[in-house]
Amino acid sequence: MPVTYEAWLVLLSIVMAIQGAYVGLSLALQIASASGTRRRLLLAGATVSFAVAIWTMHFGGMLAVRLPFQVDYLVLPTLLSFLVCAIVVGGAVYATSSGPLTLLRLTLSSCLMGGGIFAMHYLGMSALDASTHMVHDPVYVGASMAIAIAASGLALWLATGQAWRAPLILSAAAFGMAISGMHYTAMTGVTLYPFVTSAS
């Protein structure tokens, strides 16, 4: 069944992702120079900000979907998607802020951040299982993962580069593109069927 979108809600979902990323990055950049309780609070704040940006972008994007049948969300997978996202993204923030941004540290942080976005999306999609059957195209699944990791890496590199640091809004925009690019690529590869249709 084709998936169509309400354009203004798509735009709003992208804006929410960028805004949340901006807050998360501004907090994350202060972690390296902090210590003690302040360092832990900054780490927690950055983690929550990134997780909220990813989570709200996903469900904002899902509100933009227009289907000819009603879908409902299961509470447990919806909440679990946020928790898993926060844990994985928190690992990425910690890895990024633990020392100079070497190629190895950037690769690890990008994979964790991209993995958090990826996990949040597909766990969030599993919350629709009560009302629709989904078929995911493996090509788009792989592409969405690659976009999430690559764009996350670009955002982290722009935000924490030693020789040249881009304006924070540019890094936030790159991170917003990681989230929304992953989401809408994955949605391009999904086919949704109402249970009544798939059972007939």
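What you see is a predicted model, and the numbers here were worked out from it, not measured in a lab.
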Side-chain (Ser152) to main-chain (Ile149) donor-acceptor, under 3.5 angstrom
no
To the closest 0.5 Å, what do you measure between [atom1] ([X]) and [atom2] ([Y])?
X      : Y      : atom1 : atom2 : result
Leu128 : His133 : CG    : NE2   : 13.0 Å
Tyr122 : His136 : OH    : NE2   : 6.0 Å
Ser171 : Ile18  : OG    : CD1   : 11.5 Å
Met182 : Ile54  : CE    : CD1   : 10.5 Å
Thr191 : Asp137 : OG1   : CG    : 7.5 Å
Ile169 : Gln19  : CD1   : CD    : 9.5 Å

Establish whether [X] and [Y] are linked, either directly or via other cluster members, by ILVMFWY side-chain heavy-atom contacts under 4.5 Å.
X      : Y      : result
Leu168 : Val15  : no
Leu156 : Met177 : yes
Val52  : Phe118 : yes
Met120 : Met145 : yes
Val48  : Met113 : yes

Looking at every heavy atom in both [X] and [Y], which two are closest together, and how far apart are they?
X      : Y      : result
Val88  : Gly116 : CG1-N, 3.6 Å
Ser180 : Ile14  : CB-CG1, 3.7 Å
Leu123 : Ser126 : O-OG, 2.5 Å
Met57  : Ala17  : CG-CB, 3.7 Å
Leu108 : Ala95  : CD2-CB, 4.2 Å
Leu106 : Gly153 : CD1-O, 3.7 Å

Worksheet entry | Trace of the side-chain contact (heavy atoms from CB on, under 4.5 Å) decision for His183 with Ile179 | CA-CA 6 Å; His183 175 86; Ile179 305 168; 5.6 Å; no
Would a line drawn from the ring center of Phe175 to the ring center of Tyr22 be shorter than 6.0 Å?
no
With a 3.5 Å cut-off and no angle check, do the side chains of [X] and [Y] form a donor-acceptor pair?
X      : Y      : value
Ser144 : Thr185 : no
Gln30  : Arg39  : no
Tyr184 : Ser13  : yes

Step by step, work out the side-chain contact (heavy atoms from CB on, under 4.5 Å) result for Leu29 and Thr160.
-> CA-CA 7 Å; Leu29 290 175; Thr160 59; 3.7 Å; yes
When you look at CZ of Phe59, are more than 12 heavy atoms from neighbouring residues, nucleotides or ligands closer to it than 6.0 Å?
yes
**Crowding at OH, Tyr94 (>12 non-hydrogen neighbours, <6.0 Å)** = no
| Does the side-chain contact (heavy atoms from CB on, under 4.5 Å) test come out yes or no for Ile117 and Cys85, once each step is laid out? | CA-CA 7 Å; Ile117 298 169; Cys85 177; over 6 Å; no
TODO: Tell me, with the steps shown, if Trp157 and Leu154 meet side-chain contact (heavy atoms from CB on, under 4.5 Å).
DONE: CA-CA 5 Å; Trp157 179 75; Leu154 175 61; 4.3 Å; yes
Query - Residues that, via side-chain heavy atoms closer than 4.5 angstrom, fall in one hydrophobic cluster with Val75 - result: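 Leu79, all in the cluster of Val75.
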For the pair His121 and His58, name the ring-plane relationship: parallel under 30°, tilted 30 to 60°, perpendicular over 60°.
perpendicular
- Heavy-atom side-chain contact between Val93 and Leu43 under 4.5 Å: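 The answer is yes; the side chains approach within 4.5 Å.
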* **Student check: side-chain heavy atoms of Leu112 and Ser109 closer than 4.5 Å** => no
